[in-house]
Amino acid sequence: MTEDRVYNFSAGPSVLPEAVLQRARAEMMNARGSGMSVMEMSHRSAVFSEIFAETKEKLRCALQVPESHEILFLQGGATLQFAAIPMNLMEGGTADYAVTGNFSSKAAKEAEKYGTVHIACDTSDTGHNRIPVQSELSLTPGAKYFYYCANNTVYGTEWPYVPAAEAPLVCDMSSDILSRPVDVGRFGLLYAGAQKNMAPAGLTVVIVDRALAGHALPFTPQVMSYETLIQHDSMLNTPPCWCIYMLSLVLDWLQEQGGVEGMEQLKRERAARLYACLDESRLFHAHALPGSRSDMNVTFRTGDAELDAAFVRFAAQRGLVNLKGHKIAGGMRASLYNAMPMEGVDALIDTMKEFEKNHV
Ligand SMILES: *Cc1c(COP(=O)(O)O)cnc(C)c1O
């Protein structure tokens, strides 16, 4: 790591691979012989068209997206999809929502405007510290889709399995996309805001089964209609060009690191080290229950809010930043995305042990 950089545990926007930042810097003033940066180029230009097509193809390869599914590069964040999904897929019927955290709860509330939301499960009674097993899910016959969030960024839980449902699966993968292989063909739609594990903020990736498009409610804005967006190859209006370019650099880096299989090995190792430290600790404890724990966002606390704050300050002085938990969850959160080097995890563990020695 370059000397003046910190270990950044932010949940998002979050750390990007240093090699990607270096390459973006090298190409900043003159991208591909154009004499300008990608930020300055028309989205209809030949150079950008090439970048756009390549990025799509790289993502299709990285996630092995089948030809049945279209890849869309959109704006509006994951939150816009909370509305776009029911507008396009609900047809005024019923959809099942698994509420296992903050973002799935928000998505369910938004969907209520467009049809009937059936809550398939709700883990709020235990502070969203676990993922329900398949038999706990209450499914509606004839539901338009089953919605869940694969990794709960705020509370630090992660679905250890892909739920089974007759209805098409719709999944928010904002904080775990590209961290492991996914059988995309099993999903009707999956999507992710890019700023957690893919690229800078401003890009949302939607991967949708083309067969599901074409049923949007009549008042759906054009810019939110999957059918229209597919027809225009994400270029109904200006796409987030710079973020798409950054995603292409991240995908090159990911390929060099062994692809999503390589990422999965690394994420397991990072998380295993940190949870082992937490399970041994006499001061810190993990929030999520074993079997439901997230490899991407590790949530933990001491049980004393002042001591938590003191630890966050102590770590920041050592160049380990953004460890404060989300305001609705409290405690600490270490986000261990693809770009977090193993040395960052080891440095965090050392820092926790040192703090513990002084406070137990
Ligand atoms: C961050 C996050 C969101 C919200 O993303 P925006 O792009 O800010 O709308 C939604 N879902 C998950 C799982 C997230 O981590």
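In listed order, ligands and their atoms are each counted from 1.
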**Salt bridge flag under 4.0 Å for residues R293 and D279** = yes
Considering only non-hydrogen protein atoms, determine which one is nearest to [atom] and report residue, atom name and distance to 0.1 Å.
atom	value
atom 11 (N) of ligand 1	D172 OD2, 2.6 Å
atom 4 (C) of ligand 1	F103 CE2, 3.6 Å
atom 9 (O) of ligand 1	T79 OG1, 2.5 Å

State whether a side-chain donor-acceptor pair under 3.5 Å links [X] with [Y].
X	Y	answer
T123	H128	yes
N152	T157	yes
Y7	E343	no
S174	D172	yes

**Message:** Once rounded to the nearest 0.5 Å, what's the spacing between atom OG of S179 and atom OH of Y337?
**Reply:** 10.0 Å
**Request:** Using a strict cut-off of 4.0 Å, indicate which atoms of ligand 1 neighbour a heavy atom of G77.
**Result:** 7 (O), 9 (O)
**Complete:** Here the atoms of ligand 1 under 4.0 Å from any heavy atom belonging to T153 are 12 (C), 13 (C), 14 (C), 15 (O)
**Request:** Mind checking salt bridge (Lys or Arg N to Asp or Glu O under 4.0 Å) for R130 and listing every partner two or more places apart, or none if nothing turns up?
**Result:** E136
**Request:** Using non-hydrogen atoms of the residue, decide whether Q195 is closer than 4.0 angstrom to ligand 1.
**Result:** yes
**Asked** Any heavy atom of C149 sitting closer than 4.0 Å to ligand 1?
**Response** yes
**Prompt:** Do ligand 1 and K196 have nitrogen or oxygen atoms that lie under 3.5 Å from each other?
**Reply:** yes
**Request:** Before signing off on this row, confirm whether A78 and ligand 1 have an N or O atom pair separated by under 3.5 Å.
**Result:** yes
